[in-house]
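Below you'll find the structure, written out as structure tokens, and then a few comments.
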Amino acid sequence: MKPFVEPIYVTRPMLPPLQEVENKLKEIWDDRWLTNCGKQHALLENALSVKLKVPYLSLFNNCTTALMVACSALRLAGEVITTPFTFAATPHVLTWNNIKPVFCDIDPITMNIDTNKIEQMITPKTTAILAVHVFGVPCDVERIQQIADFYGLKVIYDAAHAFGVEINGRGIGTYGDVSAMSFHATKLYHTIEGGAVMHNSKCLKSRIDFLKNFGIKDEEHVVMPGINGKMNEIQAAMGLINLTYVDSEMSKRENLVNIYREELSSIEGLVLPTVLPNVKSNNQYFVVRISEKLFGVSRDYVYEKLKEFNVYSRKYFYPLCSDYTCYRQLSSSSAENLPCATIIGTECLALPLYGELSEESVRKICHIIKNIPKGRLLL
Ligand code: T4K
């Protein structure tokens, strides 16, 4: 089989018709209002809180700032328990708040923080649990809340991957004290760069809105030490346009995921993404797990083989955050503390998934994977 002529990346941003963007830009040009929470910003905040079924939502310039501000708004300090199987932003937002990340192992099925192992990580310094709905699969939100209530901890969700995810029809952003979502170009819904903090409290919304705008109340009053986390008008306009296309993006992805599932099911050593009951999934990523022992070759070998065919899959999330040089000295970073995450980090591979990817390309990617010569245990 011949390699793809054009590279196939793990994702491509959804792009609306250029004319629609030009029309929106004309509106912004006419208003001469570019940032500092203008008209497009207000429209998008309202539209997204309806779409995501959350009572309160504050837009941000990206999810990382959103999480940093959320930690500050909740006045977190000391230690926060989190997962090592995530993007760098998750532990970094703690460090930027002078909080020590404490890594807890993950669940082998959902790959989210293992609720059976959280309690053993709690110390008198623990103030919160920062859990990630990794790849859009919801955490065990009920159990996390029970633990948090029992020990008097806050709960913050990194919902960067979870646009549109619902549990029993309830928006994912309504769980915990706050959740933060990413609208980065690599996400199924995007504002080029962007993010949001979501929660159920009016009072918290006001604090978060101050914090994202330098703490400015009015021209003569700065009420808290805020930061600049504002989403600008062009990002918000992009978000408004993309909102009209996101359902179609999601259904295209669902169709492609069904093809992946049909082609890759029942292959020994290849575990397909988990689908939880009563959960509306978003197909943000299609991440398979490859067991070298059972599949015959390693995840890294498959990754390299795909590259030979011009397919750029990604090893999300390898290395684990606990293995970064800035975190590996923490006692919670030891492989003994993180046995499941250590294995999963070497097994996961995100395969290309985005609305514009053709069905034919998905079938070809599956064909490449299925035809990799086995029996050679290569790393
Ligand atoms: N928490 C979690 C759990 C996260 O995963 C993330 C971000 C955050 C927090 C923080 O959210 P933000 O502050 O970013 O809003 C990408 C994204 O940059 C990052 O947002 C995302 N997670 C992470 C999982 O993926 P990289 O380093 O993999 O991106 P990059 O540049 O290698 O792009 C991946 C592929 O996408 C490329 O191979 C090609 C394609 N691509 C990318 C861009 C930027 C395009 O086709 N066009 C583009 O414009 O981090």
Side-chain angles (χ1 to χ4, degrees), residues 4 6-16 48 58-71 80 82-97 101 103 106 110-113 130-139 156-163 165 172-173 178-198 212 227-232 235 238-239 242 249 253 282 284-287 303 306-307 310-321 324 341 345 348-357 361:
F4 286 93
E6 295 294 331
I8 303 279
Y9 296 111
V10 70
T11 190
R12 299 313 321 258
M14 166 173 77
L15 288 179
L48 279 175
S58 300
L59 292 173
F60 275 81
N61 51 3
N62 58 58
C63 177
T64 307
T65 323
L67 282 165
M68 277 175 58
V69 165
C71 292
V80 168
T82 191
T83 165
F85 189 65
T86 181
F87 189 62
T90 316
H92 288 352
V93 300
L94 298 175
T95 307
W96 276 75
N97 275 284
F103 295 111
I106 59 173
T110 63
M111 303 191 278
N112 291 323
I113 196 162
L130 167 53
V132 180
H133 303 299
V134 82
F135 309 135
V137 176
C139 296
I156 169 164
Y157 284 109
D158 178 338
H161 304 169
F163 185 94
V165 171
I172 195 79
V178 290
S179 298
M181 222 170 248
S182 172
F183 307 143
H184 183 265
T186 55
K187 300 296 179 292
L188 72 98
Y189 168 80
H190 73 89
T191 58
I192 304 175
E193 290 261 9
V197 171
M198 293 155 292
K212 81 170 187 188
I227 195 170
N228 184 356
K230 289 167 280 126
M231 175 182 280
N232 70 47
Q235 288 172 292
M238 188 73 173
N242 278 344
E249 172 71 19
R253 284 170 179 246
N282 66 359
Q284 168 63 66
Y285 294 102
F286 190 77
V287 179
Y303 168 84
L306 285 169
K307 264 211 252 178
N310 221 1
V311 177
Y312 297 88
S313 60
R314 290 296 290 264
K315 301 177 196 176
Y316 293 140
F317 286 105
Y318 177 84
L320 298 176
C321 297
Y324 297 171
C348 279
L349 194 63
L351 299 180
L353 182 63
Y354 48 92
E356 290 305 298
L357 184 64
S361 299

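What you see is a predicted model, and the numbers here were worked out from it, not measured in a lab. Residue numbers start at 1 and run along the sequence shown. Atoms within a ligand are numbered from 1 in the order they appear, just like the ligands themselves.
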- Do the non-hydrogen side-chain atoms of Phe183 and Gln235 ever get within less than 4.5 Å of each other? no

- Item | His184 side, atom NE2; Ile192 side, atom CD1 - distance, nearest 0.5 Å | 10.5 Å

- Just wondering, do Leu188 and Met14 contact through their side chains at under 4.5 Å, heavy atoms? no

- Task: For atom 35 (C) of ligand 1, find the nearest protein heavy atom and state the residue, atom name and distance (0.1 Å precision).
- Result: Val10 CG1, 3.9 Å

- Closest non-hydrogen protein atom to atom 48 (C) of ligand 1, residue and atom name please, with distance? Pro13 CG, 4.0 Å

- Identify the closest protein heavy atom to atom 1 (N) of ligand 1: which residue and atom is it, and at what distance? Asp158 OD2, 2.6 Å

- Task: Examine Lys187 relative to Phe163 and say whether NZ or CZ is less than 6.0 Å from the centre of the six-membered ring and inside a 45° cone about the ring axis.
- Result: no

- Message: Parallel, tilted or perpendicular, judged at 30° and 60°: which one describes the rings of His92 and Tyr324?
- Response: tilted

- Message: Under 4.0 Å, counting heavy atoms only: does Tyr285 come that close to any atom of ligand 1?
- Response: yes

- Message: Working to the nearest 0.5 angstrom, can you tell me the gap between Leu353 CG and Arg253 CZ?
- Response: 5.0 Å

- Side chains of Thr64 and Val93 in contact at under 4.5 Å (non-hydrogen atoms): yes

- Query: So which protein heavy atom does atom 40 (C) of ligand 1 come closest to, and at what separation?
  - Reply: Thr11 O, 3.2 Å

- Task: Run the numbers for me: atoms of ligand 1, each under 4.0 Å from some heavy atom of Ala89, listed by number.
- Result: 8 (C), 9 (C), 10 (C)

- Query: Are any of the N/O atoms in Arg12 less than 3.5 Å from those in ligand 1?
  - Reply: yes

- Please answer whether the main-chain N or O of Val134 pairs with a side-chain N or O of Asn112 as donor and acceptor at a distance below 3.5 Å. yes

- Message: Over 60° means perpendicular and under 30° means parallel, so tell me whether His161 and Phe135 are parallel, tilted or perpendicular.
- Response: parallel

- What's the shortest distance from atom 7 (C) of ligand 1 to any protein heavy atom, and which residue and atom give it? Phe87 CD2, 3.3 Å

- Task: Specify whether the nearest protein heavy atom to atom 31 (O) of ligand 1 is under 4.0 angstrom away.
- Result: no

- Any idea which part of Glu193 is under 4.0 Å from ligand 1, heavy-atom wise: side chain, backbone, both or neither? neither

- Any non-hydrogen atom of Lys187 lying under 4.0 Å from ligand 1? yes

- Residue Thr86 vicinity, atoms of ligand 1 by number, heavy atom under 4.0 Å: 3 (C)

- Query: Counting each atom of ligand 1 from 1 as listed, which ones have a heavy atom of Thr64 under 4.0 Å away?
  - Reply: 10 (C), 12 (P), 13 (O)

- Tell me which one of Thr90, Val132, Thr186 gets a heavy atom nearest to atom 42 (C) of ligand 1. Thr186

- Message: Taking distance alone, with N or O pairs closer than 3.5 Å, would you say Ser182 contacts ligand 1?
- Response: yes

- Side-chain touch Cys348/Phe85, heavy atoms, less than 4.5 angstrom: yes

- Message: So, 4.0 Å and heavy atoms of Tyr312: is ligand 1 close enough to count as a contact?
- Response: no

- Message: Could you tell me if the side chain of Phe103 sits less than 4.5 Å from the side chain of Pro91, heavy atoms only?
- Response: yes

- Message: Counting non-hydrogen protein atoms only, what is the nearest one to atom 18 (O) of ligand 1? Give residue, atom name and distance.
- Response: His184 CE1, 3.0 Å

- Task: Measure the spacing between CE of Met238 and CG of Leu15 and express it to the nearest 0.5 Å.
- Result: 5.5 Å

- Item | Residue part near ligand 1, for Cys63, under 4.0 Å between non-hydrogen atoms | both

- So does Phe4 have more than 12 non-hydrogen atoms from other groups sitting under 6.0 Å from CZ? yes

- Query: Among all protein non-hydrogen atoms, which one is nearest to atom 38 (O) of ligand 1, and what is the separation to 0.1 Å?
  - Reply: Tyr9 CD2, 3.6 Å

- Tell me, please: is Gly195 in heavy-atom contact with ligand 1, that is, under 4.0 Å? no

- Task: Provide the number and element of each atom of ligand 1 under 4.0 Å from a heavy atom of His161.
- Result: 2 (C), 3 (C), 4 (C), 5 (O)

- What protein heavy atom sits nearest atom 34 (C) of ligand 1, and how far off is it? Arg314 NH1, 3.6 Å

- Task: Heavy atoms only: give me the nearest Asn282-Gly136 pair and the separation to one decimal.
- Result: OD1-CA, 4.3 Å

- Message: So for Gly194, does at least one of its heavy atoms come nearer than 4.0 angstrom to any atom of ligand 1?
- Response: yes

